[in-house]
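Every heavy atom of this structure was used, including side-chain atoms; hydrogens, water molecules and symmetry mates were not.
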Amino acid sequence: MSEQVYAVVGPYGGRTPQNLGNNATFGFVVTDEGVVLIDSGGTYQGAEAIDRLIKQVTDKPVKYVLNSGGQDHRWLGNGYFKERGARVIASEAVVADQHKRLQDQMFMLGNQVGEKEIVGTEPVYADETFTDSMRFILGSTVFELQRVGPAHTPGDSRCQPWRAKRRLVVPSSREAALFSRRALRQRENKVGLRTRRPVIWEPSTEQQRACEVVA
């Protein structure tokens, strides 16, 4: 679809010490001024694993982290990227859900991922929030954020990056499961994360239709 946009496909199954809580699909967009990451991973060390994959694609730093939902693997890696200068954005509904579920999420991660593997994991909330929609620009790429939830969790959001005639929808957490398993490029690291170029996105509703690249 785009030379800029990558899906990071985590392993199937539950959260384990091996996957560091990253049993989900993430995404990132490479712009000429830095990277925008969609969801930061389930733990501090999980975020570090995602960052290693990004560095296989580009040496540009992560400038923004977008939290698409309130699940642990959508946001509990925020602290890692915040330490490295990234700004975190989420909808108000997502942040409220994160506050509500934090205690249960940390308890679950301790049991399923392990106390050693969650070292460094602390709740870090968004620097900037929006109610229904938001737009920002990084380099020559425009990002439009829309709250589409409740879907998988309350406040689920999607990101739509576009530049000139190129346009693509990066789905919310529930819709991410509908990415085609075909890929143009694939890389893998030791915790089972893979980067993939999205080829087809199957919409979950008529409103969430895919936007094709126009040559």
Side-chain angles (χ1 to χ4, degrees), residues 2 4-31 34-90 94 98 105-106 109 112-114 116-127 138 143 145 152-153 156-159 161 168 170-173 175-177 179 183 185-198:
S2 171
Q4 292 179 275
V5 182
Y6 292 80
V8 179
V9 183
Y12 295 115
R15 297 156 180 80
T16 68
Q18 290 72 37
N19 65 39
L20 302 171
N22 285 348
N23 59 329
T25 298
F26 312 92
F28 63 94
V29 182
V30 181
T31 79
V35 174
V36 175
L37 173 64
I38 296 92
D39 297 326
S40 59
T43 58
Y44 186 95
Q45 294 177 52
E48 186 177 15
I50 292 173
D51 197 29
R52 284 195 298 268
L53 271 182
I54 294 173
K55 285 179 167 59
Q56 293 181 30
V57 174
T58 179
D59 59 359
K60 292 182 173 67
V62 174
K63 293 287 191 177
Y64 288 91
V65 172
L66 314 179
N67 295 157
S68 71
Q71 288 179 290
D72 50 334
H73 43 222
R74 303 294 163 201
W75 74 285
L76 281 174
N78 286 354
Y80 173 89
F81 293 102
K82 176 78 171 176
E83 287 178 0
R84 287 153 180 80
R87 287 185 58 78
V88 181
I89 300 175
V94 162
Q98 291 168 351
Q105 289 175 346
M106 293 300 294
L109 286 171
Q112 295 183 356
V113 177
K116 178 181 177 181
E117 285 74 17
I118 67 170
V119 168
T121 306
E122 298 290 343
V124 174
Y125 299 97
D127 300 294
L138 184 61
F143 293 84
L145 313 179
H152 196 89
T153 58
D156 273 4
S157 305
R158 69 172 179 175
C159 170
L168 173 73
V170 178
S172 64
S173 60
E175 297 155 352
F179 272 123
R185 180 178 298 179
Q186 179 174 311
R187 297 178 176 87
E188 186 167 356
N189 72 3
K190 65 180 181 180
V191 295
L193 290 173
R194 296 161 288 172
T195 54
R196 287 182 171 179
R197 293 266 181 79

request  = Look up atom CG in Asn19 and atom OG1 in Thr43, then write down how far apart they are to the nearest 0.5 Å.
outcome  = 8.5 Å

inquiry  = Exactly one of Trp75, Phe28, Phe26 should register a side-chain contact (heavy atoms from CB on, under 4.5 Å) with Asp39. Which one does?
reply    = Phe26

ask   = In Å, rounded to the nearest 0.5 Å, how long is the span from CG of Leu138 to OG1 of Thr31?
value = 3.5 Å

ask   = Partners of Glu117 by side-chain contact (heavy atoms from CB on, under 4.5 Å), sequence neighbours excluded?
value = Pro17, Leu20, Val113

message = Given 3.5 Å as the limit, does a donor-acceptor pair link the side chain of Gln45 with the main chain of Lys116, or not?
response = yes

key: Ala86: side-chain contact (heavy atoms from CB on, under 4.5 Å) partners, not counting sequence neighbours   = Val62, Val65, Phe81

Distance-only side-chain donor-acceptor flag, Asn23 / His73, under 3.5 Å = yes

task = Could you pull out all residues at least two apart from Lys82 that satisfy side-chain hydrogen bond (donor to acceptor under 3.5 Å, both in side chains)?
result = Asp127

key: Distance (rounded to the nearest 0.5 Å) between Thr121 OG1 and Met106 CE   = 5.5 Å

message = Nearest 0.5 Å, please: how far is CG in Asn22 from CD1 in Ile50?
response = 4.5 Å

Of Val8, Val29, Thr25, the residue whose pairing with Ile38 passes side-chain contact (heavy atoms from CB on, under 4.5 Å) = Val29

note = Residue set satisfying side-chain contact (heavy atoms from CB on, under 4.5 Å) with Pro61, at least two apart, ordered chain then number -> Lys63

inquiry  = If the condition is salt bridge (Lys or Arg N to Asp or Glu O under 4.0 Å), which residues does Lys60 pass it with, not counting sequence neighbours?
reply    = none

query = Got a second to check how far Leu76's CG is from Gln71's CD, nearest 0.5 Å?
reply = 11.0 Å

ask   = For Gln112, what residues pass the side-chain hydrogen bond (donor to acceptor under 3.5 Å, both in side chains) criterion, not counting sequence neighbours?
value = none

ask   = Pairs in or reaching into residues 42-68: which pass ring pair (Phe, Tyr, Trp, His ring centres under 6.0 Å), with residues at least two apart or in two chains?
value = Tyr44-Tyr80, Tyr64-Phe136

inquiry  = Looking at every heavy atom in both Ala47 and Gly77, which two are closest together, and how far apart are they?
reply    = CB-O, 3.5 Å

query = How would you list all residue pairs meeting salt bridge (Lys or Arg N to Asp or Glu O under 4.0 Å) that involve residues 8-18, not counting sequence neighbours?
reply = Arg15-Asp72

task = Could you list the residues that satisfy salt bridge (Lys or Arg N to Asp or Glu O under 4.0 Å) with Arg87, not counting sequence neighbours?
result = Glu128

request  = Ignoring hydrogens and angles, tell me if any N or O in the side chain of Gln98 forms a donor-acceptor pair with the backbone of Arg74 under 3.5 Å.
outcome  = no

Partners meeting side-chain hydrogen bond (donor to acceptor under 3.5 Å, both in side chains) with Ser40 (sequence neighbours left out) = Asn78

